[in-house]
2 protein chains.
Amino acid sequence: MAGKSAESPVRLAAETWESLFRAQVAVMRKLQSGPAFRKLAVNEYDVLFTLSRCPSGWLRLNELNDNVLLSQSSLSRLVERLEKRGLIARMPAPEDGRGVLLKLTDEGRELQKEIGREHVRDISELMGPALTQAEQKELMRLTTKLRSSLGPRPPRQDPR
Amino acid sequence: MAGKSAESPVRLAAETWESLFRAQVAVMRKLQSGPAFRKLAVNEYDVLFTLSRCPSGWLRLNELNDNVLLSQSSLSRLVERLEKRGLIARMPAPEDGRGVLLKLTDEGRELQKEIGREHVRDISELMGPALTQAEQKELMRLTTKLRSSLGPRPPRQDPR
DNA sequence: CCAATTTAGATGCATTTGCATCTACCGCAG
DNA sequence: CTGCGGTAGATGCAAATGCATCTAAATTGG
């Protein structure tokens, strides 16, 4: 009953998550200590990156919050700092008086590209030797599937 | 040359990492907002968990630091807090006068188990519906491979 | 054996984070 | 229109974090 290989589904899930989590920690540790993030913390870069990927150029603060592992208040202040540094611009949302829209400034876009180039190079130097391209594709497929299986569900409370 | 599907190896690596990272964020966000972490932050639980897995029962502070995405000083203080709460015990390392050894107290072990049970259940509720067991195994294999490919390298400088 | 370098961990201090709360606005029921 | 919840962000404040630095112990080179 306590055999190591008698993997219950619950145990398998837990071990899979732990492995994913540790890999993320290990990679992130290397990335964030590299020279690419001298000017900007990883979370800050992540905001610029997400904005750079946004087709319309403008993004709501609360949408941004889904991508980042930060509380709403922390993100609010992080954005405030980025604005003070001239990297992003805010404007009140036109359709929703409560909301805020964000976009990159030219300077922000420039910095994102600059850091992004280095960052991408660092990533590829870590992933390239570790996994074959086929393995990378499979890893991407699995993590995308995992994410999309949770993502569409906005944290629904028990509706009682 | 700039076609969307003409994935260069560099780009593939970057997209794979992003997918892994976002999946981790999405899962972590759900986990840490759950009731399992009312009494303890995720980082704090992680320390207890790591100690609980340690065969000898004792672990060096610096070894612990490899598992966690925290600076050395933050971990030092986190451990200090856990000690104050009576969850772990410290002792000077017998072989190395600079070092510190840590282990769970009975109370710490109890709390780890309690949270761990809930935590594992939460994980399995997230992963179970998202990926088949075969997919979970593959995901575990890939992330383990990724980690082990970076892990063994204690940041050794070129000794020249 | 001793001086110089390196490593483990702790600490002062400024920055960042999260929780709780607050304000303003939306949407809806009457 | 008005009042009532619910959502988007901002803010006060205490706690956590990271950087730089410090101390002590181990290691290395002579």
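Throughout, protein chains are lettered first and strands after them, A, B, ... in sequence-line order, and every chain is numbered starting at 1.
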Taking only side-chain nitrogens and oxygens of [X], does any of them come within less than 4.0 Å of OP1 or OP2 of [N]?
{"X": "A/S76", "N": "D/dA10", "answer": "yes"}
{"X": "B/S74", "N": "D/dA16", "answer": "no"}
{"X": "A/R81", "N": "C/dT17", "answer": "yes"}
{"X": "A/N65", "N": "D/dG9", "answer": "no"}

Checklist entry - Counting side-chain heavy atoms from CB outward, which of C/dA10, D/dG6, D/dT11 is closest to A/R98? => result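 So the side chain of A/R98 is nearest to D/dG6.
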Checklist entry - Can you tell which of C/dG18, C/dG9, D/dT17 lies closest to the side chain of B/N62? => result C/dG9
Next on the checklist: At 4.0 Å (heavy atoms only), tell me whether B/L75 reaches a base, stays on the sugar-phosphate, or touches nothing.
Outcome noted: nothing
Could you tell me whether the side chain of [X] and the main chain of [Y] form a donor-acceptor pair under 3.5 Å?
{"X": "B/T143", "Y": "B/L139", "value": "yes"}
{"X": "B/S19", "Y": "B/T16", "value": "no"}
{"X": "B/D122", "Y": "B/A36", "value": "no"}

Checklist entry - Pick the nucleotide of DNA chain D nearest each of A/R90 and B/L70; which residue has the one closer to the 5' end? => result A/R90
Using whole Å, what does the distance between atom [atom2] of nucleotide [N] and atom [atom1] of [X] come to?
{"X": "A/L102", "N": "D/dA10", "atom1": "CG", "atom2": "C1'", "result": "14 Å"}
{"X": "A/M91", "N": "D/dA8", "atom1": "CE", "atom2": "C1'", "result": "16 Å"}
{"X": "B/L59", "N": "C/dA8", "atom1": "CG", "atom2": "P", "result": "13 Å"}
{"X": "A/L40", "N": "C/dT16", "atom1": "CG", "atom2": "P", "result": "11 Å"}
{"X": "B/N43", "N": "C/dT17", "atom1": "CG", "atom2": "P", "result": "13 Å"}
{"X": "A/L69", "N": "D/dA16", "atom1": "CG", "atom2": "P", "result": "17 Å"}
{"X": "B/E80", "N": "C/dG12", "atom1": "CD", "atom2": "P", "result": "10 Å"}
{"X": "A/F37", "N": "D/dG18", "atom1": "CZ", "atom2": "C1'", "result": "16 Å"}

Item to check | Distance, nearest 0.5 Å, that separates CG of B/L61 from CG of B/L75 | outcome: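 Nearest 0.5 Å value for the CG-CG distance: 5.0 Å.
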Checklist entry - Between OG of B/S52 and CG of B/L111, what distance do you get to the nearest 0.5 Å? => result 11.5 Å
Item to check | Closest-nucleotide ordering on DNA chain C, the 5'-leading residue of A/L78 and B/L101 | outcome: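 The answer here is B/L101.
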Checklist outcome for this item: The answer to which of A/D96 and A/E44 contacts DNA chain C further toward the 5' end, by nearest nucleotide, is A/E44
Anything under 3.5 Å between a protein N or O and an N or O of nucleotides 20-23 of chain D, put it in a table, one pair a line.
none

Next on the checklist: Pair A/R60, A/D96 - check salt bridge (charged side-chain N to carboxylate O under 4.0 Å, His left out), show working.
Outcome noted: CA-CA 10 Å; A/R60 282 291 288 269; A/D96 184 341; 3.5 Å; yes
Item to check | ring-ring contact (aromatic ring centres under 6.0 Å, His included) between B/F49 and B/H119, worked out | outcome: CA-CA 11 Å; B/F49 173 78; B/H119 185 43; 8.0 Å; no
Checklist entry - Closest heavy-atom contact between B/A13 and A/M127? => result CB-CB, 3.9 Å
